[in-house]
Amino acid sequence: MSVLSVAGLKKSFGDIVALDGVDLAVDKGEFFALLGPSASGKTTTLRTICGIERPDQGQVMYEGQDVTHAEVRGRDIAMVFQTFALYPHLSIFDNLAYPLRQNGVSRDEVNRRVGETAEMLRLTHTLDRKPGTASGGEQQRIAIGRALVRRPGLLLLDEPLTNLDAKLRNDTRAEFKRLHRELGMTIVFATPDELEALSMGQRIGLLTDGKIVQTGTPDELYTKPKNAYVASMVGSPRVNLINATRRGADAAPSVETPFMSAEKGPWADALKAFPMGSDLYFGFRPNDIQPIGDGQTPGGPSFTARVHLTEPLGDIVILDLEAGGAELKMVLPEEQAVRYSVGDDVPVFVRVENTHVFARDTGTAIR
Amino acid sequence: MSVLMSLFSRKERRLREAGWGWTLFAGIISLIYFFPVLWIIMTAFKTRADALATPPVFFFTPTLDNFVAVFYRVAQTGSGEAIGTGMGGFFFNSIFVASAGVFLALIIGTLASYGFSRYPLKGNDTYLFVVLTTRMLPPIIVIIPIFLMFRMAGLSGSYIGVILLYAAFNLPFSIWMMKSFFDELSPDVEDSARMDGSSEFGVFFKMCIPQLKAGLAATAVFAVILTWNEFLFALLLTSTDTRTVPVAMARTIGGEIGVEWGLLAAIITLFLIPVFGVTYLLQNHLLRGVTFGTIKK
Amino acid sequence: MKSKFSIASALAATVVAGALTVASAPAVSKDIVLNMAGPDWGPTRFLQEYFNKTYKAKSGNNVKLVFDFIPWPSFYDRVAASLTSGEKKYQMIISDSQWIGTFIEGGHFMKLNKYIDADPELQAIMKDIHPAMTENYSTYPHKSKNYYGFPQFPDTKVTWFRNDLFCHDGERADFKAKFNQVLPCSYDEWKNTDWDVWANVGKFFRRDKGAKLGDGVAEHDFYGVAYQAGKVGDFSSMQILAFIWQHGGDIWDEANAPNAQAEGVVNSAAAVKGFQHYLDILKYAPPVHKTGQMGIFAIQELFMQGKVGAIIDWAGVAPPALDPKVSKFADKTGFAMTPGLRKSDGSIDRTDNIGGQPFVLTTWNSEEVTKEALEVVKWWMSKDVQIEFSKNGGEPGLMSVMNMPEYNDFLPWNRAHAELLQYQKDVWHTPEMFEMLTQQQEEFDKAITGQKTAKEAMDAIAKFQQELLTEVGKIK
Amino acid sequence: MRDFWQWMFSPSRRGPMLIAPALIMLFVMNIFPLMWSFGLSFFHYKASSIRPPTFAGLYYYEKVLTDPVVWERMQTTALIVAMSVLLQLVIGFALAMMFEKKFPLRREILMLVLTPMMLSFVAVGVFFKLFYEPTFGLLSQAYSYFSGEPLTLLATQWGAVWGIVIADAWMWSPFVMLLVLAGLVSVPDYLYEAAEVDRASKWKRFTTVTFPYVRGLLLLALLFRTIETFKIFDVVYLITNGGPGTSTETIAVYVYRVAFQFFKTSQSSALSYILLFIVIVLTNLYLYFVKKRGEEG
Amino acid sequence: MSTIQVTNLTKRFGDMLAVSGVDLDVAAGEVLCLLGPSGCGKTTTLRMIAGLETTSDGEVRIAGKRVNEIAPSERDIAMVFQFYALYPSLTVAENLGFPLHHDKLPQAEIDNLVSEVARKLELTDVLHRLPGYLAEGEKQRVAVARAIIRDPNCFLFDEPLSRLDVELRQTMRGQIKEILDGLSKATVIVTHDQLEALTMADRIAVMRDGKIEQVASPHDIFTKPKNLFVAGFIGTPQMNLQEAVLTGFEGDKGTFQVADQTVAMAVDPAVQNLDSGSKVTLGIRPRAYDIIEEAAEDTFSAEVDLIEPMGAETLIHMMESGTDVRVVIDRTVRLEQGERVHMRCRPEQAHVFNTEGDRVFS
């Protein structure tokens, strides 16, 4: 049963349309990711859910009640802002205690719960200080602590990791997951980073231009993107999308690019419906393209590509390839990649079972 | 020794950081600039003969007579008794009227600027323009009507009248300045407090105000500087009991004797102390204040 | 306008109504407060202090005189604002003599004839007041029999001079040798001093720094004479008018309105000559005169600091000259009659402009308040109080006091002052006087600072007055 | 009651409710008196007279605008404003450049320069007049020390104008300095460093890095000070009283005379409104630049 | 020859030692990345090379010439600042042409150079704009273009990508690298992002607390970290660093007591010089583990605690005796939380660090 459902939310700020009909349903206890590029409406969606913004149209249902026009303070919802929005003039203890005191919790209870929360978030040693003196990671934990301390029914996190440095971000992802598992709380978080969405979200809603494009588990979004846009938003490095045309027999359609031709992909059946010569995108992940080893039989369509840049990332390397005028990326483990250097011609193949085909005009996946 | 060394050593290649050498340079220039004030302060400790000596004297035996004369004079009836000049009361009036006026302007102005910043109305610019225009008025235009209004309301000569007038006088400035500070505050904090269960009053008083202490201080400094020496309204709207120092000061520039140099200088010196102190304490906020928020980090 | 007025009244109504009910409730004990506006200086402080010490109302009422001491430089602004806005705050006001017309016509100052007529005591006082004062401080229109004010501090200009120089045998001999005139020292010698002598004094005592002066040498550049030449207020006019009158010139005669003329009278050849005479002597004064800032305090200061030998200044600002704390020559200062123009018969014309301040009652006072105020007037104008006042640096208004033999000993300038009173006239008292005075001061200043000739200045003054007075209907 | 408060402070009403007290106060204390005197400008009315006002239409506006005296005073004012504001900008800029650097005791030395702003007009006027006084004045004594002649600065029109301009500029340059300083400190270090690395000359560094950051604030200073200096009264009144002759009589002094000495209330109102119009034009310019500056940043 | 040599470079701020005895040698055409956590002194080092900071000790040589006493403007360097340092009042074209004014080139030539560099960095369309109106990525490209428009002795970059978002950062990494490859200048890039360093640098200098920990090629830094700090700092996800006790050494394999398990692993032969029973830290990268079906003497077993899908790969957090072991596996391998798995470290991928934290190697 959805604890939160949002239907047809629309909101404009002057001429700018922020939300253009957002629909969402979040289950109780779910860790839900709202993924979208900047200005896609993530923050506005969260702000509308917690009541800071009033939608122009649409409805917000929370625990079975229509709260679209309810006051902010009445809702049992907490939000962690991207900027953390800590109370700069209050000590960290008082920051954490604030929501409790506002709701008339007794002094002992405040002390106990703040202590507990601080303990959980490893903030105990900082409690006397002002938030301004805390490190980025601590500030973020304070913000979360302040949201958690009153055990809200729903926790909203607005880009919770954006203001952390790269290293901390990696560690914090796992922390969030553990926290969610321990508390079993319903959490909706917004992020522009697909890695965060994939790794933390149990389900992901992909938002763009004020609309939800696809909702699903990380696996679904990765393996079955609804369209080319979703495919390119999810997965890093970005999916290779090559201009292609439908060719082959009616019953055995193939996808042809200037330098290769593929058939028998998971899209084969669906492609039958498309007329010969239809414009398509042929999509495959950089991990699904492999060099053909000596004497190895390619496990899919093959071609020769020229390396024009290598980007070593430690144990993996991204190779920028060029074939038939198209640029594509290939990811290899470091030990394999050292064999190739810029300018080399490499015979490669694509794992056809993991490829996607999209109609070029609408971008819709053909599956 | 190290001080001397750094004076002559090649300067650190940090921009805008200069050593004692620059202190010396800036000190000399500033002292030249400050000289007229210094002269006034020196005059406060001079006898009349020293004050008007030709050539001017820079070294003299200081006297405190002028400071005594600020507060006491000899009775006119020739009985020789010392009579209070009431100057202590005028100092109190100045402090009371200026602080109350500024305080009131800050309260009303801060509320209004919060409104302007957080709940923009249609035609916001027009309201703000009107607000600013009232600050730019040549005061002479409104003196007579205000005088009349005050008489009708029974406010002339009372503290309330002057305080209200000073509040109104400082209001446009407070609104403009505080608005720029509010604009710099993140509304997230306020929304956060709302979500944490704060009422609107709580948001304003417990969240915004504590964060704006610095801004309030800067606005207060400017308002105090502008109010402290106000003369015209103070002259016309106060009576003997509520008169402020700038008005009372005028009695030293033409009675039986032209200018009572030492006495005037002593009053100026004493009167400078509070506003100087306030400015010094809040100096760091001043820079922020004058920019009217036009400089964003 | 009317409607706006009443809206404001309505707005304020509640507040005022509350205040009025309290204020106008019939008082059980008769507390009567007389608010009096006055400049903040000795003569007024004496009035307040002496009143507090000695005054007991005969009526048995508890009468309090509460002074609003306003600094001199702002005195006019404050009083004018109070009167014209209808503040009705003051029951009594110390008014400069020239203001009378403006505020009588504005309906602010109370005509006192019916009270005087009803009160023999007041009649006696009026009779005892020096006629120059009744004429200049009390009557309006000029030379009429309508009485409005009483002298609070009557003032005339007197000559202040340095005993040690003017009575120095060597200097006297030198002067005699040079000009074949007596360097005035004694009262009588000064009484016989005309502008020629005065000018020669200016010439004679112009000494450069280091030159011999009296028993010593001049420590600074030294000047012989100085008198008012300042644009502020009425400063230059007060001295220039004396010259004009003495030369037979005149100001526009308000008493003859609407038959008097400004043009041709104000800029008559005699008037121009008088002004030129003034300018000719002015060049012997210290250099500050070139800036048009040689006001009453500038010359006082120059005198007290020993930069000038003799000045013509108000008796009212003379007390400091006797105070060793502020004057370097407190023990060497003498006072005398002012110089004048020697007429063909050998007598000296000392016609001059009176100074000082009358005080008046205001029109909005209740009968009861007026009665008590008049009691205060009687107290003030009583001989005892006037004597006490004169002993403490004031000037009496009563002839009976001035005629007392010991009067001349109260203050060193008293003899000159009393004797000079007969020569005093005043500028116009009409409401237009401020405009006329301001413009006249500006024009005088232009001549003093060399921007115009005396003739050009006088012509401009006459033209302006003619136009202004024609516009208001005072000249046909 | 609770419902009432809820109605009053419902979200859509919060903005107006917050702004209302300020607007009411400004209306009562500024705008209402203003309208009052605006009304007077269309009537024949003398404050000193008991005669009831009669309608005059635009008579006084025509009278004021065709009065050569008014134009003369305007020119004098423009001259003083131009000279004083220019001087303030130059001195203020120079001082700001000096205080841009961080050096030991900067806070304390800065206070020396800020003090003139805190003095009353009486103090500045009276003491500067003393400094210019030919016999006792410091300035003329210093001058005569070198030339042997006393300096009678206030004897000529230009001298008197300079006398006023120096005093006014001395008093208010610190204000300009604060504004410029705020601009200067907002220039990020890295821009200076980049320009240095890019081998820009000192002049080029100033024009491309320093000046653009200060330009906006300099304009603000220019406009703000122009508007304020336009109202210059006290300093003129005290130092020259408009003399010699009428050569330094500013429009504010003139308005004062017309309103307070001649009691030509209607005429002074009309004149005031023409002044207000000029001020409003200047204010609009000021706002335009504030806005533009905001967009740039 | 445009080279940069830095010897014993030291910087003190009061009592604080910000940079201590740094030696660097950057050849012409070489890109050196200074990598380290914030506050490690890398920016100070760069600023000393640029001359924006005085040196407390040591020497900086640019193109073979000692420049310690020379002002930045005379060092003939080009620098990209962290905040880009675009002149706000100049258009993009004017910004680009700015560094050329010193050479008093004719305007036509400046225009040529500007349009050329603009083409190179795809800025042609925005040449007339003011920096305030540019997108973040464009600003960054302008900053780079302004640096490369002239022919300086060397290039200095201060955190050039830190203000870009993930996507742009990826693109710009490649772009900058390509541009730098074409110029044979000594280049120093300061960054705290290891991906930037790994992709762009010819050599990386890892700094900590004002000292250089290791200077080596990206490959060597990654595969042969000199000590625990470098090992832990480089690599995403972070290298697993597990406390262990060396219990023996046989053939090329050492046996280690890790938590409660005994694991034999192929390690550097130098490890056998350690005493048996020595405490060591085992460093194994998350991608160096293979999940295998059955336990063996060279496997380590742990319980799956958390699964983080990362797209093509999945990051598994294992819990064993309170330590978090991270393993990256292909997304096709499915594991369940709570499942116990065995994993084996690939040969030569296990690093041993002694108690001083230095890697033991021959």
Side-chain angles (χ1 to χ4, degrees), chain B residues 15-18 20 22-23 26-27 29-30 33-34 36-37 40 52 54-56 108-109 111-112 114-116 119 121 129 131-134 136-138 140-142 144-146 165 168 171 175 200 225 229 231 246 249-250 253 259 268 272 275-276 279-280 283 286-287 290-291 294-296, chain D residues 9 14-15 18-19 21-22 25-26 29-31 33-34 36-37 47 98 100-105 107 109 111-118 120-123 126-127 136 138 141 178-179 181-182 185-186 189 192 216-217 227 231 252 255-256 259 272 275-276 279-280 283 287 290 293-294 297:
Chain B
L15 279 160
R16 297 164 178 182
E17 296 225 345
W20 286 95
W22 199 261
T23 304
I29 301 274
S30 302
Y33 202 82
F34 182 71
V37 185
I40 293 174
L52 290 167
T54 45
I108 296 178
L111 279 173
Y114 180 65
F116 277 123
Y119 302 95
L121 297 169
F129 175 71
V131 166
L132 190 65
T133 308
T134 59
M136 304 289 178
L137 281 183
I140 204 115
I141 300 185
V142 288
I144 291 290
I146 285 183
L165 197 77
L171 199 50
I175 291 175
E200 288 304 314
I225 286 181
N229 286 305
F231 183 84
M249 204 187 270
I253 60 170
V259 180
I268 293 171
L272 190 59
V275 72
F276 188 91
T279 310
Y280 181 72
Q283 197 201 79
L286 260 183
L287 277 189
V290 282
T291 64
T294 52
I295 287 180
K296 295 259 158 67
Chain D
F9 289 99
R14 257 170 227 160
L18 288 164
I19 296 163
M25 182 158 214
L26 286 176
M29 295 304 223
N30 280 327
I31 297 168
L34 208 66
W36 188 324
S37 67
M98 189 170 83
E100 187 207 353
K101 298 228 186 320
K102 291 197 177 88
F103 52 86
L105 299 178
R107 232 171 106 90
I109 293 175
M111 284 308 292
L112 295 182
V113 176
L114 288 182
T115 317
M117 214 167 52
M118 301 170 206
S120 65
F121 286 108
V122 174
V126 169
F127 271 91
F136 305 105
L138 284 177
Q141 292 209 35
L178 277 177
L179 277 167
L181 193 53
V185 298
S186 73
D189 276 349
Y192 282 119
L217 287 164
I227 289 165
K231 299 189 266 176
V255 170
Y256 166 81
S272 297
L275 289 191
L276 183 61
V279 169
I280 284 178
T283 310
L287 283 182
V290 170
R293 164 99 197 148

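Below, chains carry the letters A, B, ... as their sequence lines are ordered, and counting in each starts from 1. Computed from heavy atoms alone, side chains included, the values below leave out hydrogens, waters and symmetry copies.
Contact between D:Ile19 and B:Ala112 at its shortest, heavy atoms only, is CG1-O, 3.8 Å. Taking all atoms of both residues into account, the shortest heavy-atom contact from D:Ala123 to B:Ile268 is CB-CD1, 3.2 Å. The minimum heavy-atom distance linking D:Met118 with B:Asn229 is given by the pair O-ND2, 2.6 Å.
In this structure, chain D has heavy atoms under 4.5 Å from both the backbone and the side chain of B:Val275. Proximity to chain D involves both the backbone and the side chain of B:Leu111, based on heavy atoms less than 4.5 angstrom apart. With a threshold of 4.5 angstrom between heavy atoms, D:Ile109 approaches chain B through its backbone and through its side chain. Only the side chain of D:Val122 comes within contact range of chain B, with heavy atoms under 4.5 Å apart. For a residue to count as touching a neighbouring chain, one of its non-hydrogen atoms must lie under 4.5 Å from one of that chain's; by this rule B:Leu272 touches chain D with the side chain only. Residue contact with chain B, scored on non-hydrogen atoms closer than 4.5 Å, is absent for D:Ala259.
Within the 4.5 Å cutoff, the side chain of B:Tyr280 has heavy atoms near those of the D:Arg107 side chain. Between D:Thr115 and B:Phe276 there is a side-chain heavy-atom pair separated by less than 4.5 Å.
If you tally non-hydrogen atom pairs under 4.5 Å between each of B:Thr279, B:Val259, B:Leu165 and chain D, the highest count goes to B:Thr279. Between chain B and the residues D:Leu138, D:Ile31, D:Ile280, the largest count of heavy-atom pairs under 4.5 Å involves D:Leu138. Of the residues considered (B:Ala26, B:Pro246, B:Ala168, B:Pro55), B:Ala26 shows the highest number of contacts with chain D, using heavy-atom pairs under 4.5 Å. Taking chain D as the reference chain and counting heavy-atom pairs below 4.5 Å, the highest number among B:Ile175, B:Leu52, B:Ile146 is found for B:Leu52. Most heavy-atom pairs under 4.5 Å with chain B, from the set D:Pro104, D:Pro116, D:Ala252, D:Pro33: that is D:Pro104.
Within the model, atoms CE of D:Met117 and CD1 of B:Ile225 stand 4.0 Å from one another, a figure rounded to the nearest 0.5 Å. Note that OH of B:Tyr33 is 12.0 Å distant from CG of D:Leu112, once rounded to the nearest 0.5 Å.
At least one donor-acceptor pair under 3.5 Å links the side chain of B:Trp22 to the backbone N or O of D:Met98.
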